[in-house]
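Computed from heavy atoms alone, side chains included, the values below leave out hydrogens, waters and symmetry copies. As the structure is a prediction and not an experimental result, all values here were calculated from the model.
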Amino acid sequence: MWVPLDGPDSSGENFLCVAQARPTTAPTAHPEDVVGSEVTSDEHPQLRRAMDESRICREEDPRWHLGVPVRRETIPVRLGAQVIAVLSRSTNLAVPRVPSPLEISYLGSAADLCQMIADGTFPAPEPSPDVHTSPRVGDGLIRLDPSGAVVFASPNALSAYHRMGHASDLVGVHLAPLTRSLIGDPFDATEVAQRIRQALDGQPSMRMEAESRRGAAVLFRSLPLRPRGQAAGAIVLCRDVTEVRRRDRALMSKDATIREIHHRVKNNLQTVAALLRLQSRRLSNPEAKEALAESVRRVTSIALVHETLSMSVDERVDLDDVVDKVIPMMSDVAVTETQVSVRREGGFGIVPAEIATPLVMVLTELVQNAFEHAYAPGQRGEVVVHSERSAKWLDVSITDDGKGLPPGFSLERTDRLGLQIVRTLVDSELRGSLSLRRRPRGGTEAVLRVPLRGRR
């Protein structure tokens, strides 16, 4: 496609190439990239002729381009009464051959469409274009005469109709009633047949999908052919998408099953947590009650991750949402013994499901560890959970303003169950690093780094 550099109303001699399409089933006449190049009217006189005369212009004699004989044709692109651009079509004449019936039909349909472009009737302004309706090379093509009878059907079109249940040839058959008889849903059958008839009357239609009585899913699109305003029939494009829809349904079923599994796991974990709470109420030993309370907290944090996954469609977790639910739960547990608040800074973002559960477990254990060991009963304080995310890493720090680490503390040699769980999860599940250190102004800082590269 070429546009005049000085605008469509000028008499300028320079044209700029703004788009290029190469053939997919034949050698191209332009192996180089033409987009962005400029030509003059002396180099390509048919461009100016097509604009000035508002008609299709063809070269009588081929010219040589990069050692290849090429015949050029130009088609004016009309918007209303004005020619705004010119399409040039170059044919490679290096390999002479006898065209097949399929190629002859394609060329005839293309000639009608090119004439409609020059007339300003193609593409039609209504209905509005849909970015998902562009024809494809593999689409089946059916050419209809003005009465609606098939004069040509490509192999892919025959295959689609065979899949729908029509076993014989299509040539000579009136397509609209045949298609209506093959589609299972009465409304879709009537709609597709009506769109084919509307194309014969000169009205274009958008893509429509219908399912045959045999379960084959086919996309239909009808294009009227009216070169110079004269009815020349229509083109019907059809695409067999049965396998695509079958895979889509299988994926939807799989996603629904996975979400249901997460939902049931969440319910089971909540049941376990409720049973642990009941058991805790029957105990009088403070250490046993505390151990059960920690187990309830751990089970509940895992249940929150599965609750989020049960509402997700892609096995990914909004960790900010989960952390915002877990932090108040830990604050409520600790409020009877301390007066410590928790504040979150930064954002965790969306993380894959396989790291969501261990990451939430690590965060809850580190925050709970600050509650239990950094402050004396009744002491005020604040725990800050800060997160920073880059393309490669998720960096998290949990800081408190408490009494700090005891002398000689070592994360590798600690006998605290919570920190042992944290160290195991960081090494085996998250493949990250963790360090605990004293803060210069008092308190403790836990620094966690989790790699994100390679994650989904």
Side-chain angles (χ1 to χ4, degrees), residues 24 102 105-106 109 113 123-124 126-225 233-260 312-315:
T24 57
L102 183 146
S105 180
Y106 276 34
S109 300
L113 291 174
E126 294 293 340
S128 60
D130 185 346
V131 295
H132 301 294
T133 61
S134 298
R136 298 181 181 178
V137 174
D139 287 351
L141 183 141
I142 301 174
R143 175 71 185 258
L144 306 180
D145 65 14
S147 68
V150 178
V151 296
F152 173 81
S154 71
N156 285 351
L158 287 172
S159 176
Y161 270 80
H162 290 168
R163 192 78 176 266
M164 294 172 66
H166 181 71
S168 58
D169 196 5
L170 288 173
V171 175
V173 177
H174 282 78
L175 191 66
L178 171 64
T179 307
R180 182 173 183 172
S181 66
L182 297 175
I183 296 176
D185 184 88
F187 176 81
D188 289 345
T190 302
E191 183 68 19
V192 172
Q194 182 178 359
R195 293 191 181 193
I196 294 175
R197 295 191 185 98
Q198 288 176 344
L200 294 170
D201 295 334
Q203 302 178 33
S205 67
M206 302 305 293
R207 180 182 68 176
M208 179 179 177
E209 181 176 334
E211 188 169 315
S212 72
R213 300 179 187 273
R214 293 190 175 185
V218 179
L219 291 174
F220 294 93
R221 186 181 184 187
S222 303
L223 300 173
L225 294 178
I235 292 175
V236 177
L237 301 176
C238 55
R239 184 187 312 166
D240 183 2
V241 293
T242 305
E243 297 302 324
V244 176
R245 294 298 172 259
R246 188 173 297 167
R247 288 194 295 267
D248 289 344
R249 287 192 290 266
L251 288 174
M252 290 177 62
S253 176
K254 179 182 177 182
D255 291 341
T257 301
I258 292 174
R259 289 196 297 271
E260 178 63 21
S312 173
V313 296
D314 56 358
E315 287 292 290

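Here the OG atom belonging to S147 is positioned 11.5 Å from the CG atom belonging to L175, to the nearest 0.5 angstrom. A distance of 10.0 Å separates CZ of R239 from CD of E209, quoted to the nearest 0.5 Å. For the atom pair CD1 (I196) and CD1 (I235), the distance works out to 13.0 Å, reported to the nearest 0.5 Å. Remark: Y106 OH to L113 CG distance equals 12.5 Å, nearest 0.5 Å. Note that OG of S222 and CG of D201 are 11.5 Å apart. Values are rounded to the nearest 0.5 Å. Put simply, CG on D185 and OG on S212 are 12.0 Å apart, with the number rounded to the nearest 0.5 Å.
T190 is listed as a side-chain neighbour of R180, based on a closest heavy-atom distance under 4.5 Å. Looking at S181 and L178, their side chains come closer than 4.5 Å, going by heavy atoms from C-beta outward. For the pair L144 and V150, the minimum side-chain heavy-atom distance is below 4.5 Å. Using a 4.5 Å heavy-atom cutoff, the side chains of V218 and V241 are not in contact. Using a 4.5 Å heavy-atom cutoff, the side chains of D139 and L141 are not in contact. Contact of the E211 side chain with the D188 side chain is not registered, since no non-hydrogen atoms from C-beta on lie closer than 4.5 Å.
Residues A199 and P224 come closest through the heavy atom pair O-CB, 3.1 Å. Closest approach of A217 to T242, counting heavy atoms only: N-OG1, 3.0 Å. Nearest heavy-atom pair, R207 versus R195, reported as atom, atom and distance to 0.1 Å: O-NH1, 3.7 Å. When all heavy atoms of V173 and D169 are compared, the closest pair comes out as CG2-O, 3.9 Å. When every heavy atom of A176 is checked against every heavy atom of A193, the shortest pair comes out as O-CB, 3.7 Å. Between I183 and F220, the shortest heavy-atom contact is CD1-CE1, 4.4 Å.
If you check the side chains of R143 and S109, you find a donor sitting under 3.5 Å from an acceptor.
Screening residues 156-165 for side chain to side chain donor-acceptor pair (under 3.5 Å), with sequence neighbours left out, gives Y161-T179, R163-D240, R163-E243.
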